[in-house]
Amino acid sequence: PQTQFRSYNGNYESRWIGINASIPVYRSLNTAGGERSFTQISLTGSLRRSTTDISLFTEPRIMTTGWLGGSWSYIGESKNIYLISGHVGFAEDKLNSGPATMRVRLMALGSYHLSDPLVAIYGVNYSALFGRDLLFPLLGARWTIDDGWSATFILPVSFSLRYRANRGT
C-alpha cells in the first residue's frame with residue numbers, strides 16, 4: 001500500500017510503499033492431559049521505502065528500511081497469551097553516503113485475563129537505534145467492546161481500534 005499525507009498548503013509531505021510478511025513455520029495444538037495450549041513460531045519481515053519532503057532540507061529525504069526476524073507465541077488454557085519476538089533491521093538514508101545502519105529489536109509481551117471483555121498486557125521492549133540502547137516497559141489493555149469491536153493500547157507504542165466484519169472466523 002502507499003500512504004500520502006498532505007501538508008497545510010496541500011503539498012505531499014510523506015509517501016511510502018512497502019510490504020510486511022509473517023509466515024508460520026511451526027504450529028502445535030496440544031490437548032494432552034486435559035489442558036489445551038497452542039504454540040506458533042513465525043518468520044517475519046518487512047521492506048519499506050519512504051520519501052519525506054521537509055522544508056528544512058533542500059531535497060526530499062529518501063529512506064529504505066527493512067527487517068527480518070522471528071516470533072514465538074503461546075496461548076495456554078487460561079487464555080493468557082505470551083509473545084517473544086526479535087528482529088534485525090537496517091535503515092539507509094540516500095542523503096548520507098555511509099553504509100546502511102543495522103538495528104536490533106527484542107520484545108516480550110504477556111497478558112492476563114482480568115474479566116471476560118478486559119485483558120491486561122505487560123512486557124518489555126529493547127531497541128538499539130541510532131547508536132543508543134533503549135529499554136522501556138510496555139503496559140496496556142485490550143477491551144472487547146462486543147463481538148465485532150475491540151480496542152487495544154500498549155503504552156508507549158501502539159493503539160488500535162478494530163472491527164471484525166466476519167464474526168464467524
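If you're wondering where the values come from, they're calculated on a predicted model, not measured in any experiment. The figures here come from the full heavy-atom set of this structure, side chains too, leaving out hydrogens, waters and symmetry mates.
Nearest heavy-atom pair, L114 versus A120, reported as atom, atom and distance to 0.1 Å: CD1-CB, 3.9 Å. Looking at every heavy atom in both residues, S46 comes nearest to N20 through OG-OD1, 2.8 Å. Taking all atoms of both residues into account, the shortest heavy-atom contact from H113 to N80 is N-OD1, 3.0 Å.
Here S111 contributes atom OG and I75 contributes atom CD1; the two are 8.5 Å apart, rounded to the nearest 0.5 Å. Atom CG of L161 and atom OG of S150 lie 7.0 Å apart (nearest 0.5 Å). Expressed to the nearest 0.5 Å, how far CG of L43 lies from OH of Y26 amounts to 14.5 Å. Interatomic distance, OG of S37 versus CG of L29, reported as 7.0 Å (0.5 Å rounding). The OG1 atom of T65 sits 7.5 Å away from the CG atom of L47 when rounded to the nearest 0.5 Å. Separating the CE atom in M107 from the CG atom in N125 is a distance of 6.5 Å, to the nearest 0.5 Å.
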side-chain contact (heavy atoms from CB on, under 4.5 Å) between R142 and I121, intermediate numbers included = CA-CA 7 Å; R142 176 182 169 97; I121 301 170; 4.3 Å; yes
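The residue from S85, S73, P24 that alone fulfils the side chain to side chain contact (heavy atoms under 4.5 Å, CB included) condition with S42 is P24.
Considering only heavy atoms from C-beta on, I81 stays 4.5 Å or farther from V119 through its side chain. In this structure the side chain of L135 reaches within 4.5 angstrom of the side chain of V124, judged on heavy atoms.
More than 12 heavy atoms of other shown residues, nucleotides or ligands fall within 6.0 angstrom of atom CZ in F136.
In the hydrophobic clustering of ILVMFWY residues, with side-chain heavy atoms under 4.5 Å counting as a link, Y112 and L118 come out together. In terms of hydrophobic clustering, with Ile, Leu, Val, Met, Phe, Trp and Tyr side chains grouped at heavy-atom distances under 4.5 Å, F38 and V25 are assigned to different clusters.
Residue pairs that meet the ring pair (Phe, Tyr, Trp, His ring centres under 6.0 Å) test with at least one member in residues 63-87, sequence neighbours left out, are W67-H87.
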